[in-house]
Structure formats: structure tokens, C-alpha cells
Amino acid sequence: MANIRVTDEVLIAVEQVNKSFPLPEGKGEFTVLSDIDLTVSAGEVVALLGRSGSGKSTLLRIMAGLIPPSKGQVSVNGKRLRGSNHDVAMVFQSFALLPWLTVRENVELGLEAQGVDRNERQQRALKAIDLVGLDGFESAYPKELSGGMKQRVGFARAFVLEPKVLFMDEPFSALDVLTSENLRGEIDDLWNAGTFPSKSILIVTHNIEEAVFLADRVIILGSNPGIVRGAVVIDLPRSHDRNSDRFKALVDYIYNVMTNPEAEVTGEVTVTVPKTMAKPSKSQSPYAYPLPHARAGGISGLLELIADQPQGMDDIPRLAEQIQLEVDDLLPILDAAVLLGFVEVTQGDVKLTETGQDFATTTILRSKDLFRQQVLQQVPILTSIIQTLREKRSGAMRAEFFRDLLDEYYPREEVERQFATAMDWGRYAELFEYDAREDRLYLPEIVTPESSE
């Protein structure tokens, strides 16, 4: 059983790991992870925390031996990992239960694959089922279970293997708020009681409070490519009291560094770093600078909520709790608002700029004018699109031309996401029109896309 005191026994070590995937049509590589170093020791819960694009799940799969690194290595108990990591078991975001098998049969699957005899695997499965609170549902089928119960089966299926390290890939994100809170608390109780069937836990999450609540150490990853920005030690007695001042200070600090991509992660909660966002150099293509994935309507709604607060300022953790948004959903909207010059973010607080206050409190027509103004001043990719359209005698261009420019820097899925965001902002600002049927962009004064070349 787990000893919750961190020991010097290093179970998994990641050394200088890089991971790249080829871009379409041989246009180079897209780097997901760069120079990753981290360790998981016996007796600790480690959380990997990062926004979309930080490669959290990719790193977890490399450590599990499901995919190889492009460079670097993973060591397990001091030996280089080649192939699957037999010291780990994984709980996924999706339940992935076989519908034709009962709860007990689903839990036994891993043991059956290992060749464990029937009597032993039944006994171990029943013990694991009891541990997750599903005693009495051994013969039930997945269709009879709620989402929370299905995820308990997922935990039991991992527990029964008695792995040295349990990997959890956003295990609560598919559940409703109350169910996830209940299950999260029960997992924490098992760990704190010393009855957890693993020496360590590694959890991938995008929920900051979840990371602080469960983990002893939070590894913060940067994005595009994923890098280790630093670690925050959760120096709280277990179980971690959400109402303590220290807990709140740690949450505020992590929100601060997550909303400040250039900030150094020191782990000291008193650090104040002004919000900065990198801008492409004059020699860099505007298409190389990714847009935050946030729709104009989401940006507008967020600004209106902040405008309702005294002095047009709000605490980011409080704001996230109010609107029930995870960090992967909230931070891109904040990034977009910062990029457009509507807000400033410092030390876990967000404050409307003068322009942002005007945008949030004026008429729809005026807000569109302000949005257009800020886009043309602050968003090079949209300025480039407009210039291209204006250079065409017809004022129109096939959308595939712009996708090809994005294709130089991103995988196909990300190309589509970048394109969709650019279209949303450009159309909201009334800078251009986009005809999805024709897959063509054209300036507003062009009556129909058919009049183009």
C-alpha cells in the first residue's frame, strides 16, 4: 500500500524527452514536447497541469510506453523503458467499458490478459470493486450504471493490477460537478488513509483547484511546444483544506503563472509578474503566431461579467468558479481579451482596460467598431488576411490559400482550429465574409462570392 511520505525511490524518470509529429505533405515537424525532465517518486501525488497545447496527455503516454519519444528517454526503476511500462496502469477520461461484460468481468480484463488464473482474478476483482464502493454491482452491466459508477469501474480495473504508479488522464472531466467532486474526494481519502493500491499517482488535469487538492507537487507545463516551466510544492497537511488561506494562495499563484506565459515559476506565492504576450517579430510570419481559441461571443460575455464587478476587476479563481469553466476553457478567453487589449492580468486578478470597459458597456454597434479597431491593431494574422483580399482585384480568395499558410506551422487539426477562430473574429468585426459552401473569403463590399474569380 502507498506510503504518503515522499521517499528517495524514483519510480519513473523522464530525461530530455522531445516529441514531434510530421506536418502534412512533408512540410516538416510539429514539436509537441521539448526537453522534458521530471521524476515521479514513491509516496507522492504529482499533477501535470497545463493548458491545451502543452502536451500533457502525450507526455503521459510516453511515460506509459504507449508511444516512443522522438529524443531522450524514460527510465523505470533505473532501467531505460523499451516498450510498455508494466509498472503503471491508467484511468482515462472516457470510461471505455465493454458493454457485453459485467462490472466484475470488466475489472478482470487486465488480469486475464496477464494470464492470472480464474479464482485469483475473481478474488482480486471483488476486492478492487469493494475498494471503489461498488460492492453489490458486480453482476451489473455498464448500461445499468451512472457516469460516476462507470468511472469507478475504471478505477477498479486499474487498482486490480496493483501498479506501482497509477496514471490518471483527466479522470473526472467527463462527470458532472457533484459526481466528480465526490469521486475526487474518495480517491483522496484512500490515498491519505494509506490504503491506495499504488506507490504513487500521476494525474493529468486542467483543473487548478483539483491539482492543488490532490497533489503533493504540481508540474506546470508551457505550451507550443510543451516545456516544463517549473514545479509548485503543495506544502499543506493532508487532506488539503480548501478553505485554508494557504490553499487559496497556492491556487491564486498557479492562476497567476498560468495566465502569465512568460512568468518564471518559482513556487513563491508572493511573486507579482505583469502580463505579457509574445508578439511575432517583423521577420516572422503572422501565421506562425497562434490565436487563442475563443469566440467573439465568449470574449464579450466574459468582459460583461468583469464589468459588473467593482472597479471592473475580478479575481480569476472566483470568476472561474462563478461561470464553472475549467482552465482549458477560461484561459484562452482571457488570452484573447489580453491580446485584443480589453483586459490586463496581474497576480491572479483580471481588470478591464479603458477600451475593455467601453466595449463591455456600450451598444452592439459600438462594440463591433471597437472589436474591429483592436483586431486591426493587435492581430497580425487578420491584418494579413485583409491585405491579401484587398490586393485581389476581385476582393476574394479561396480559403485553402490561408489554410496552406497555416499548414506550414501546425498539424491539420490545429490548422482548422486556427482558421475557425480567425473566421469568427473577422466576421464579427465585419472585416470579411466567409462562404462555407464555396470555401471562399471575400471583402464585405463584394455582394456574392460568385462574382469573384
Side-chain angles (χ1 to χ4, degrees), residues 275-280 282 284-308 312 330-345 350-399 401-403 405-406 415-436 438-449 451-452:
K275 175 67 178 178
T276 59
M277 290 195 72
K279 295 291 173 66
K282 291 182 180 179
Q284 185 180 21
S285 167
Y287 297 89
Y289 183 65
L291 290 176
H293 296 303
R295 292 190 172 274
I299 300 168
S300 178
L302 182 72
L303 297 181
E304 289 179 15
L305 286 174
I306 300 170
D308 285 340
L330 176 60
L331 292 189
I333 304 175
L334 281 173
D335 284 347
V338 169
L339 175 62
L340 291 165
F342 290 141
V343 301
E344 294 173 346
V345 175
V350 55
K351 180 177 175 61
L352 293 175
T353 63
E354 184 177 339
T355 305
Q357 182 73 30
D358 191 3
F359 179 90
T361 55
T362 191
T363 65
I364 293 177
L365 292 179
R366 168 69 176 157
S367 67
K368 277 181 168 283
D369 287 341
L370 287 170
F371 195 89
R372 183 186 309 112
Q373 165 191 300
Q374 296 305 105
V375 160
L376 292 174
Q377 290 179 2
Q378 306 292 338
V379 187
I381 183 174
L382 287 172
T383 304
S384 178
I385 290 174
I386 292 301
Q387 283 181 321
T388 301
L389 293 174
R390 286 175 178 166
E391 288 171 2
K392 296 287 289 183
R393 187 185 311 171
S394 61
M397 196 78 184
R398 293 185 185 279
F401 171 78
F402 300 106
R403 289 196 186 93
L405 294 174
L406 290 165
V415 166
E416 294 300 329
R417 294 183 72 195
Q418 287 292 319
F419 182 79
T421 301
M423 293 305 98
D424 182 74
W425 291 17
R427 294 167 92 176
Y428 183 82
E430 299 181 15
L431 291 170
F432 52 74
E433 297 291 342
Y434 171 60
D435 187 280
E438 296 286 335
D439 198 31
R440 186 181 290 268
L441 282 73
Y442 55 99
L443 294 174
E445 57 265 25
I446 305 299
V447 178
T448 62
S451 64
S452 63

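In this chain, residues are counted from 1 in sequence order. Values below: every heavy atom of this structure, side chains too, minus hydrogens, waters and symmetry copies.
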Min side-chain heavy-atom separation [X]-[Y] under 4.5 Å:
X      : Y      : value
Val379 : Tyr289 : no
Leu330 : Leu302 : yes
Ile306 : Phe342 : no
Thr383 : Ile386 : no
Ile385 : Phe401 : no

Nearest 0.5 Å please: distance from the [atom1] atom of [X] over to the [atom2] atom of [Y].
X      : Y      : atom1 : atom2 : value
Leu441 : Met397 : CG    : CE    : 10.0 Å
Gln387 : Lys392 : CD    : NZ    : 15.5 Å
Gln377 : Leu382 : CD    : CG    : 13.5 Å
Lys368 : Leu431 : NZ    : CG    : 10.0 Å
Ser394 : Leu443 : OG    : CG    : 8.5 Å

*Are Glu416 and Arg403 within salt-bridge range, i.e. N to O under 4.0 Å?*
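Salt bridge: yes.
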*Under the side-chain hydrogen bond (donor to acceptor under 3.5 Å, both in side chains) rule, what pairs show up with a residue in residues 351-364, not counting sequence neighbours?*
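For residues 351-364, and leaving out neighbouring residues, the side-chain hydrogen bond (donor to acceptor under 3.5 Å, both in side chains) pairs sorted by first residue read Asp358-Arg366.
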_Please check this pair: side chain of Ser384 against backbone of Ile381, looking for a donor-acceptor N/O pair closer than 3.5 Å._
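It does not hold such a pair.
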_Flag, side chain of Trp425 to backbone of Phe371, donor-acceptor distance under 3.5 Å_ =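 Here the side-chain-to-backbone pair does not exist.
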Provide the closest heavy-atom pair for [X] versus [Y] in the form atom of the first, atom of the second, distance.
X      : Y      : result
Ser367 : Phe359 : O-CE1, 3.2 Å
Gln378 : Leu339 : CB-O, 3.1 Å
Ala294 : Ala336 : CB-CB, 3.9 Å
Ala396 : Arg440 : CB-CD, 4.1 Å

*asked:* Counting neighbours of CZ on Arg372 that are heavy atoms of other residues, nucleotides or ligands and sit closer than 6.0 Å, is the number greater than 12?
replied: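 Result for CZ/Arg372: enclosed.
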*asked:* Going by side-chain contact (heavy atoms from CB on, under 4.5 Å), Leu340 matches just one of Leu370, Ile299, Leu303, Asp335. Which one?
replied: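 That would be Ile299.
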*For this output row, return yes or no: ring centroids of Tyr434 and Phe419 closer than 6.0 angstrom.*
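For Tyr434 and Phe419, the ring centres are under 6.0 Å apart.
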